[in-house]
Protein chains: 4
Amino acid sequence: MTSPAHPPFAADKRPRSRRKEARPSELTAAALDLFVEKGFAATRLDDVAARAGVSKGTLYLYFDSKEALFKAVVEEGIVPALAAAEQRFAGYDGTSAELLRGLLLGWWQQIGGTRLGGIPKLIISESRNFPEIAQYYHDRVISRGRSLLRAALQRGIASGEFRALDVESAIDVLIAPLLMLVVWRYSLCACGNDIDPPRFLATHFDILLNGLLADGRKA
Amino acid sequence: MTSPAHPPFAADKRPRSRRKEARPSELTAAALDLFVEKGFAATRLDDVAARAGVSKGTLYLYFDSKEALFKAVVEEGIVPALAAAEQRFAGYDGTSAELLRGLLLGWWQQIGGTRLGGIPKLIISESRNFPEIAQYYHDRVISRGRSLLRAALQRGIASGEFRALDVESAIDVLIAPLLMLVVWRYSLCACGNDIDPPRFLATHFDILLNGLLADGRKA
Amino acid sequence: MTSPAHPPFAADKRPRSRRKEARPSELTAAALDLFVEKGFAATRLDDVAARAGVSKGTLYLYFDSKEALFKAVVEEGIVPALAAAEQRFAGYDGTSAELLRGLLLGWWQQIGGTRLGGIPKLIISESRNFPEIAQYYHDRVISRGRSLLRAALQRGIASGEFRALDVESAIDVLIAPLLMLVVWRYSLCACGNDIDPPRFLATHFDILLNGLLADGRKA
Amino acid sequence: MTSPAHPPFAADKRPRSRRKEARPSELTAAALDLFVEKGFAATRLDDVAARAGVSKGTLYLYFDSKEALFKAVVEEGIVPALAAAEQRFAGYDGTSAELLRGLLLGWWQQIGGTRLGGIPKLIISESRNFPEIAQYYHDRVISRGRSLLRAALQRGIASGEFRALDVESAIDVLIAPLLMLVVWRYSLCACGNDIDPPRFLATHFDILLNGLLADGRKA
DNA sequence: AATGAATGAGCCTTCATTCAT
DNA sequence: GATGAATGAAGGCTCATTCAT
């Protein structure tokens with residue numbers, strides 16, 4: 001860690017110019033891992049640098065401060081996540097139930113279940129200390145994600161496929177299990193509790209689309 | 001600070017009764033507030049002491065370290081939470097739907113909606129750095145809470161009130177919106193998103209007990 | 001220097017309360033020495049702490065930052081210097097020549113020739129980087145010192161003892177050799193040039209009070 | 001940075017002529033500005049390079065280290081200063097009073113009042129940390145300047161134009177106001193004090209050549 | 001010759017922890 | 001029991017210096 005040359009990484013033979021372009025995302029990738037694993041405060045920049053295979057000073061060539069690195073991690077992770085999510089909704093023409101299932105499952109496959117899932121966990125853990133980033137995340141991610149779900153719900157209600165219900169609350173209820181999955185993946189899994197995401201999601205959809213109560217007993 | 005070195009909880013050799021009596025809960029109360037607000041690492045013991053109205057040295061009369069204080073906060077906050085939750089189940093004889101609603105709503109009223117709700121948020125944020133506490137929390141709280149929900153679900157399925165479904169996954173699906181509420185209260189509220197807990201819970205119950213799909217279209 | 005206990009100072013047996021009062025001036029005294037010797041930027045707080053016989057952290061019990069310490073050094077050194085200087089002028093009733101000589105010589109004996117003389121040197125070296133302190137020094141020291149000299153000159157001119165001349169410029173001309181003495185003591189002495197302060201001051205007074213030109217040749 | 005390790009000036013083994021030719025004085029000019037303004041330690045080589053319009057690496061093509069650059073700044077600034085000063089004395093045949101006035105005023109016009117005046121300020125501020133440069137400055141500049149003044153004073157005394165007095169001290173007394181002018185220009189002007197150099201010099205000469213005391217009262 | 005990305009030693013500052021009173 | 005002065009290890013950040021291009 002403190003040896004003059006970084007043994008495992010010194011073998012990188014790419015020309016400097018080639019590496020310079022790739023550097024910022026190498027750094028944010030390393031930082032994402034550590035921020036998610038240890039939290040912002042407990043992550044040392046030495047460790048981020050070491051994981052990225054650079055020296056500590058190099059971090060400051062690309063980011064003005066630890067906090068700026070944190071912002072970059074969130075911003076960089078979110079752009080593709082957003083694009084991927086919105087892509088799936090454009091021009092969908094199946095049932096609204098399938099649409100909802102597609103949105104939620106797609107989120108898990110593209111985001112929650114990948115290393116990007118660490119970002120919502122980061123936001124949850126750190127937003128109190130970084131209100132600016134929290135606001136950014138709300139404006140760029142949460143509100144847009146909720147719009148997708150809102151449109152799907154309203155579409156289903158309008159077509160008579162879904163019962164009428166309080167759409168705004170329902171959005172959050174739909175999201176909650178997804179949130180739980182990332183929380184579980186990045187925190188509670190250390191508790192020893194075991195969740196099988198596909199099975200969990202299947203049950204989520206099952207309850208969501210069919211209801212808990214048996215047919216004859218509905219109120 | 002480094003988790004591998006954590007002595008197990010029982011390593012404290014001072015007579016337990018003597019210590020418990022003397023340990024002022026003002027200290028853990030102050031610590032809970034700050035841990036929840038700022039996270040473990042960003043909370044300074046000076047601030048905890050100041051909020052409790054004692055000197056910093058006094059903290060060390062009651063807790064061996066910052067980490068021990070953290071453990072005490074979790075332990076102390078969980079005892080009443082546990083008792084309150086289990087109390088509501090004993091000898092319940094209404095419908096299983098009412099039982100479920102009562103359990104979930106009761107949790108919010110007794111725990112999630114009070115300052116104790118900060119504890120799950122703490123566990124979520126810090127469990128990676130405190131696996132021992134995460135384990136403790138799982139064994140003492142999560143597993144017992146899941147047992148309550150498991151029993152309610154199995155009771156409803158056995159009586160034909162509920163459809164048969166994957167009980168273990170369903171437990172987590174039921175819990176997820178509650179988790180979301182505390183996460184919202186202690187983190188995402190800073191994002192600017194607005195959740196109305198009673199309305200959110202009502203929708204949760206509505207979806208849960210009736211299903212999203214209109215009657216005639218059920219698969 | 002880095003051993004756990006400070007060997008030469010650990011022998012200090014004064015009670016804590018006694019030492020606490022004395023601490024700030026012990027720290028500023030150590031800092032004055034090093035700031036004067038090395039300059040502000042090149043002075044390490046480790047060295048200041050070591051010279052004062054405390055740990056580095058202790059500095060921060062008394063001063064918020066390195067810059068705050070610097071301000072304290074200047075402010076603390078200046079109060080007695082000011083008092084001493086003004087004391088000498090009150091109620092003086094000899095000749096104005098003697099008054100001038102007394103003021104200048106007194107300044108050297110009370111300030112310039114003592115370790116307080118390092119403060120003007122500090123101001124000269126660092127004022128560009130600390131305009132706030134420079135302003136402070138001007139308002140509290142320079143302007144008051146100039147007032148003393150202005151009064152003495154005007155007194156002498158009014159009485160016919162001195163020729164009429166541009167008083168404001170003359171003040172600075174009177175001061176210049178004193179300034180040179182501290183500059184010499186704290187900087188240029190390292191050049192190898194040798195100045196004998198009493199002899200230098202005697203010549204200063206000689207030229208000042210008698211003029212360079214021989215009597216018969218005066219213009 | 002640590003003075004004991006300074007290699008002597010002559011340690012540079014590259015052919016001197018080759019090096020001097022290639023060394024762009026734009027670099028030393030930029031460095032002079034910044035050293036004078038901020039001091040040696042607070043001047044960043046990035047800033048020097050930026051002001052000179054080159055990259056930081058280029059500095060190292062011409063100077064082995066920051067300290068070498070500092071030496072070059074002093075050396076380079078002193079050559080013309082020295083030449084200009086000595087030029088004025090050769091073959092002078094007016095009165096000694098005029099000679100003195102010419103030397104002092106000339107120094108201000110050619111050196112002190114130009115950007116070269118920053119160099120004495122630099123020497124004053126940094127000589128403690130660069131004894132080698134201080135020595136160099138003493139040998140090459142101070143001693144030669146003092147020789148000029150010594151000769152002028154001895155000439156005037158020998159001719160009866162000046163009173164007999166302690167020549168060595170008198171030299172420093174003559175220099176002091178000049179020193180004060182550069183100190184004021186590069187440091188104390190930030191204090192808010194206001195000096196008008198021509199008026200100041202006029203008063204200096206007035207006091208010097210005529211004396212403070214009115215004729216009839218001379219001791 | 002010139003560049004600028006990369007380095008790593010070093011310093012200011014913080015804060016959990018200790019201990020004399 | 002309580003205090004708070006003192007400690008010292010650790011981390012964020014800077015910047016002189018190097019070197020591949």
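Each chain gets a letter, A, B and so on, in the order the sequences are listed, and its residues count up from 1. In this text the structure is predicted, and so the values were computed from the model without any measurement.
- If you take CG of B:Leu59 and P of E:dC19, they are 17 Å apart, rounded to a whole angstrom.
- Following rounding to the nearest Å, D:Leu34 (CG) and F:dA16 (P) show an atom-to-atom distance of 11 Å.
- Counting heavy atoms of neighbouring residues, nucleotides and ligands inside a 6.0 Å radius, atom CG of C:Asp64 does not exceed 12 of them.
- Without hydrogens or angle criteria, A:Ser187 side chain to B:Ser127 main chain gives no donor-acceptor distance under 3.5 Å.
- Sequence order on DNA chain E of the closest nucleotides to C:Asp64 and D:Gly53 puts D:Gly53 first from the 5' end.
- Across the protein-nucleic acid pair, A:Asp47 atom CG and F:dA10 atom P stand 13 Å apart, rounded to whole Å.
- Between the side chain of B:Lys56 and the base of E:dT17, at least one donor-acceptor pair of N or O atoms lies under 3.5 Å.
- Distance A:Arg44 CZ to E:dT13 P: 22 Å, rounded to the nearest Å.
- An OP1 or OP2 oxygen of F:dA2 is reached within less than 4.0 angstrom by no side-chain nitrogen or oxygen of B:Thr58.
- Distance from the side chain of D:Lys66 is smallest for F:dA16 among the nucleotides E:dA5, F:dT3, F:dA16.
- Taking the nucleotide of DNA chain E with the nearest heavy atom to each of B:Ala41 and C:Glu67, the more 5' of the two is matched to C:Glu67.
- Between B:Arg51 and B:Glu26, no side-chain nitrogen of the basic residue sits less than 4.0 Å from a carboxylate oxygen of the acidic one, so the salt-bridge criterion is not met.
- Under the 3.5 Å distance criterion, with hydrogens and angles disregarded, a donor-acceptor pair is assigned to the side chains of B:Thr58 and B:Ser55.
- Nucleotide F:dT17 holds its P atom 10 Å from the CG atom of D:Leu69, rounded to whole Å.
- Other residues, nucleotides and ligands contribute only 12 or fewer heavy atoms inside 6.0 Å of the CD atom of C:Glu132.
- Base engagement by A:Leu61 is indicated by at least one non-hydrogen atom pair under 4.0 Å involving a base atom.
- Side-chain proximity of D:Leu45 to the nucleotides F:dG1, F:dA16, E:dT7 is greatest for F:dA16.
- Ring centroid separation for the pair D:Phe40 and D:Phe130 comes in under the 6.0 Å cut-off.
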Checklist entry - According to the Watson-Crick and G-U wobble definition with distances under 3.5 Å, which dot-bracket string, read 5' to 3', encodes DNA chain F, using [ ] for crossing pairs and | for pairs with another strand? => result .||||||||||||||||||||
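- Proximity of B:Ser55 to the phosphate of F:dT3: a side-chain N or O atom is located under 4.0 Å from OP1 or OP2.
- For D:Ser65, the side-chain atoms get nearest to F:dT17 when compared with the rest of F:dT17, F:dC13, E:dC15.
- For the pair D:Lys38/D:Arg44, no side-chain contact is recorded, criterion being any heavy-atom separation below 4.5 Å from C-beta on.
- Positionally, the nearest nucleotide of DNA chain F for B:Val54 lies more toward the 5' end than for the other of B:Val54 and A:Thr43.
- Distances shorter than 4.0 Å separate none of the side-chain N or O atoms of D:Tyr60 from OP1 or OP2 on E:dT3.
- The two atoms that bring A:Leu27 and A:Val48 nearest to each other are O-CG1, 4.1 Å, heavy atoms only.
- The CZ atom of C:Phe70 sits 17 Å away from the C1' atom of E:dC12 (whole-angstrom rounding).
- Atom P of nucleotide E:dT7 and atom CG of A:Asp46 are separated by 13 Å, given to the nearest angstrom.
- Between C:Phe63 atom CZ and F:dA6 atom C1' there is a gap of 15 Å when expressed in whole angstrom units.
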